[in-house]
Amino acid sequence: MLLNQSTKKLEVELYGGLRKFSDLKVLEVEVPVAAVAADVRRALIHRLGGEGCRDLIETCALAQGDEIMGETDLIDRSRVAFLPPVCGG
């Protein structure tokens, strides 16, 4: 992964159904230095191969630490997690 001064590396933790798209629990993606959650979502879709994973990734919550992020929230840590929806009763 070749970085330039306007991008940074970000670790992304995968949970639940996202694990079927990668053998790794944690992936690295490249995002803009001032990335928001939507940028990370796009980078993960690209990293995992595009259309096959898009629907699931778009329904996931994105967490930074113990906080769920909105699409326009700034990502200011080096690690985030994608949390797929769960159901139960």
For this session: Is it possible for you to say whether Val29 and Leu24 belong to one hydrophobic cluster, with membership spreading through side-chain heavy-atom contacts below 4.5 Å?
Result: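 Yes, same cluster.
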Side-chain donor-acceptor pairs of residues 74-83 under 3.5 Å, sequence neighbours excluded:
{"unit_1": "Asp76", "atom_1": "OD1", "unit_2": "Gln64", "atom_2": "NE2", "d": "3.2"}
{"unit_1": "Arg79", "atom_1": "NE", "unit_2": "Glu13", "atom_2": "OE2", "d": "2.8"}
{"unit_1": "Arg79", "atom_1": "NH1", "unit_2": "Glu11", "atom_2": "OE1", "d": "3.1"}

Exercise. Distance from Asp39 atom CG to Glu71 atom CD, nearest 0.5 Å?
Worked result: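 It comes to 9.5 Å.
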For this session: Tell me who clusters with Val26, hydrophobic residues only, linked when side chains sit under 4.5 Å apart either directly or through other members.
Result: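 Once heavy-atom contacts under 4.5 Å are chained together, Val26 still belongs with nothing else.
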Can you find a pair of side-chain heavy atoms, one from [X] and one from [Y], that are under 4.5 Å apart?
{"X": "Leu27", "Y": "Leu48", "value": "yes"}
{"X": "Arg42", "Y": "Ile45", "value": "no"}
{"X": "Leu62", "Y": "Ile68", "value": "no"}
{"X": "Thr7", "Y": "Pro32", "value": "no"}
{"X": "Lys25", "Y": "Leu14", "value": "no"}

Exercise. If you measure from the Lys or Arg side-chain nitrogens to the Asp or Glu carboxylate oxygens, is any gap between Glu28 and Arg47 under 4.0 Å?
Worked result: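 No, this pair does not count.
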Problem set entry | Set of residues satisfying side chain to side chain contact (heavy atoms under 4.5 Å, CB included) with respect to Pro84, sequence neighbours excluded |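 Tyr15, Leu18, Leu56, Cys60.
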For this session: For Ala37 and Met69, work out which heavy atoms get closest and say how close.
Result: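 Distance-wise, the nearest heavy atoms are CB-CB, 4.3 Å.
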